[in-house]
Asks: 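Could you have a look at this structure, given as structure tokens, before my questions?
One is the number of the first residue; the rest follow in order along the sequence.
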Amino acid sequence: MALKDAKQRWAAVLLAVTAGILILCAAAVRLVDPFFHYRAPDPAGEVWFDQRAQGAGLLRSQEYETILMGSSLAANYRPFWFDVFYETSTVKVTFPNGGFREFGQALAYANTRQDVKRVIFGLDPNLLSRSPAEEPDQLPLYLYDDDPWNDGQYLLNKDALLRSAYTVLKKAQGETQTLQDAFVWDGNVSFNREEALGGYERPEHREEAKPAYSFRENYLANLKEVTGWLQRYPDTEFIFYFSPYSILFWDKMDRLGETEAVFAMLDEVTEVLLEYGNVELQFFMDDKPVITDLDNYADHIHVAGRVTYQMSRSMPTGEYRLTAENRRERLSALREFVINYDYAGIFAPGEGA
């Protein structure tokens, strides 16, 4: 009997210690709140490290009419640019290598929090042509709802606890960024010709071009996700912009035999989107002075903040707007330009095709 009582006491002590540790962990996460689940971020300085998890906190805590969304290509925009140029209030939510289902889930959550009047979305050809089966599935859905029963997944989360410690350490060291600079990375890399060429691995040349319909199954599935947003939120204005991929991107498409497949995709996607009354297309892919100047790039697609600023400023003016009337002419002109471009001239002697 004594042995049984001792075991019960040890079990009770173990349970009490375990419960105490869990309570302390939950309290630490609740106090620091690294994902901004219970508090708004300090506009003057926070520790930014997880775009998917902290994006939920931004959508929950901020007041906004406009959402800027996209992949890493959208990260080098400051929300206040759009506040000024569109006379609105903006929140930025970006997911590196993001999937359309992830963006759709974030958009659905945003519409439960605010009256979203405008979505400015970076519609990347690389993401459009990707198979939906290859999309990342990394969004912490328990953060993208208002169900308090889900909070346990946050408060009793090892990663959240580690991130809490990381946040405290970085704040103690003064290593923070303002809300406007959240997830902006253009100050951490160089944008110049050498950097762009150094980050570009030129593929072997494919002798035979791929069929123009090569990406069709993928982009139609992705486009279905996008048109679902348009139908679900008919009173929201959607501004889809196509980033100015550098001439190195088109060199890559030429080498892989995928140029015609890309243009077939751009043709059909833009045609479908322009059928919707709540859509506007901003097309920067044919901005030749930008795309041919490799000093604007850190690799073959990521462009410097000075260029994203000019893009955001030009969006309300309509200068780069793609319409049903000019769509075919502009796509055709871009196609002719990239098909006939002297790609060998980009590279140093002996490195060209």
Side-chain angles (χ1 to χ4, degrees), residues 55 58-59 62-95 98 100 102-104 106-111 114-128 180 219 222-245 265-287 290 301 303 305 307-327 330-331 334:
L58 289 172
L59 293 175
Q62 303 300 296
E63 294 185 3
Y64 48 88
E65 295 179 339
T66 297
I67 307 176
L68 171 66
M69 303 184 80
S71 66
S72 58
L73 276 79
N76 286 334
Y77 289 84
R78 273 72 172 178
F80 79 91
W81 296 347
F82 298 94
D83 292 351
V84 173
F85 299 140
Y86 281 95
E87 297 183 359
T88 186
S89 51
T90 309
V91 64
K92 182 180 75 174
V93 176
T94 54
F95 302 150
F100 289 99
E102 290 184 313
F103 290 120
L107 186 57
Y109 181 56
N111 276 276
Q114 301 286 337
D115 179 16
V116 180
K117 296 182 179 179
R118 181 185 296 107
V119 175
I120 302 175
F121 188 91
L123 200 57
D124 296 338
N126 280 346
L127 300 186
L128 275 170
Q180 289 297 325
Y219 71 70
N222 292 321
L223 184 59
K224 186 177 180 180
E225 291 285 335
V226 175
T227 55
W229 308 341
L230 305 178
Q231 296 161 6
R232 199 171 304 122
Y233 312 110
D235 297 326
T236 301
E237 177 189 18
F238 284 83
I239 301 174
F240 296 109
Y241 70 90
F242 294 80
S243 291
Y245 284 10
M265 176 178 66
L266 292 175
D267 181 50
E268 187 165 7
V269 167
T270 57
E271 182 178 32
V272 169
L273 289 177
L274 286 171
E275 293 174 354
Y276 290 84
N278 57 337
V279 164
E280 179 180 304
L281 301 184
Q282 297 283 341
F283 194 74
F284 298 96
M285 296 188 75
D286 60 353
D287 190 338
V290 170
I301 59 174
V303 73
V307 178
T308 60
Y309 172 77
Q310 295 297 334
M311 290 165 60
S312 62
R313 188 173 69 172
S314 69
M315 286 184 192
T317 70
E319 179 183 357
Y320 291 89
R321 187 170 180 178
L322 199 71
T323 66
E325 291 73 29
N326 69 17
R327 184 181 66 85
R330 288 181 62 184
L331 289 177
L334 177 60

Asks: Might you point out which heavy atoms bring Glu271 and Glu275 nearest each other, and give the distance in Å?
Replies: O-CG, 3.4 Å
Asks: From Asp115 CG over to Tyr64 OH, what is the distance, rounded to the nearest 0.5 angstrom?
Replies: 10.5 Å
Asks: Supply the atom-to-atom distance Gln282 CD to Phe242 CZ, rounded to the nearest 0.5 angstrom.
Replies: 11.0 Å
Asks: Side chains of Leu127 and Asn222, heavy atoms from C-beta outward: is any pair under 4.5 Å?
Replies: no
Asks: Report yes if some heavy atom in the side chain of Ser314 is under 4.5 Å from a heavy atom in the side chain of Phe284; otherwise report no.
Replies: yes
Asks: Within this structure, what is the CD-OH distance for the pair Glu268 and Tyr219, rounded to the nearest 0.5 Å?
Replies: 3.5 Å
Asks: Return the CD to CG distance between Gln231 and Asn278, rounded to the nearest 0.5 Å.
Replies: 9.5 Å
Asks: Hey, could you give me the CD/CD distance between Glu237 and Glu280, rounded to the nearest 0.5 Å?
Replies: 5.5 Å
Asks: In Å, rounded to the nearest 0.5 Å, how long is the span from CG of Asp287 to CE of Met311?
Replies: 8.5 Å
Asks: Measure the shortest side-chain to side-chain distance between Met285 and Pro125 over non-hydrogen atoms and say whether it is less than 4.5 angstrom.
Replies: yes
Asks: Please determine which of Leu230, Ile120, Val226 meets the side-chain contact (heavy atoms from CB on, under 4.5 Å) test together with Phe238.
Replies: Leu230
Asks: Spell out, as yes or no, whether a donor-acceptor pair under 3.5 Å connects the side chain of Glu102 to the backbone of Phe95.
Replies: no
Asks: Within a strict 4.5 Å, meaning less than it, do heavy atoms of the Phe121 and Phe100 side chains meet?
Replies: yes
Asks: Quick one: which of Leu128, Leu274, Leu281 gives a side-chain contact (heavy atoms from CB on, under 4.5 Å) with Val269?
Replies: Leu128
Asks: Are any non-hydrogen side-chain atoms of Tyr233 and Val116 less than 4.5 angstrom apart?
Replies: no
Asks: Return the minimal non-hydrogen interatomic distance between Gly98 and Ser71, and the atom names on each side.
Replies: N-CB, 4.4 Å
Asks: So, do Phe85 and Tyr309 have ring centers that fall under 6.0 Å from each other?
Replies: yes
Asks: With no hydrogens and no angle check, is any side-chain donor or acceptor of Thr308 less than 3.5 Å from a backbone partner on Asn76?
Replies: yes
Asks: What heavy-atom pair brings Phe80 and Gln180 nearest, and what distance separates the two atoms?
Replies: N-OE1, 2.8 Å
Asks: Looking only at heavy atoms, what is the nearest atom pair of Arg327 and Thr270, with distance?
Replies: CD-OG1, 3.1 Å
Asks: Contact between Leu73 and Asn126 at the side-chain level, heavy atoms closer than 4.5 Å - yes or no?
Replies: no
Asks: Are any of the side-chain heavy atoms of Ile301 and Asp124 separated by less than 4.5 Å?
Replies: no
Asks: Please answer whether the main-chain N or O of Tyr320 pairs with a side-chain N or O of Arg330 as donor and acceptor at a distance below 3.5 Å.
Replies: yes
Asks: Side chains of residues 86-94: which donor-acceptor partners sit under 3.5 Å, not counting sequence neighbours?
Replies:
from, atom 1, to, atom 2, distance (Å)
Thr88, OG1, Glu65, OE1, 3.3
Thr88, OG1, Thr66, OG1, 2.9
Ser89, OG, Glu65, N, 3.1
Thr90, OG1, Asp83, OD1, 2.8
Lys92, NZ, Ala75, O, 2.6
Lys92, NZ, Tyr77, O, 3.0
Lys92, NZ, Ala182, O, 2.9
Thr94, OG1, Gln51, OE1, 2.5

Asks: Is the distance from the ring center of Phe103 to that of Trp229 below 6.0 Å?
Replies: no
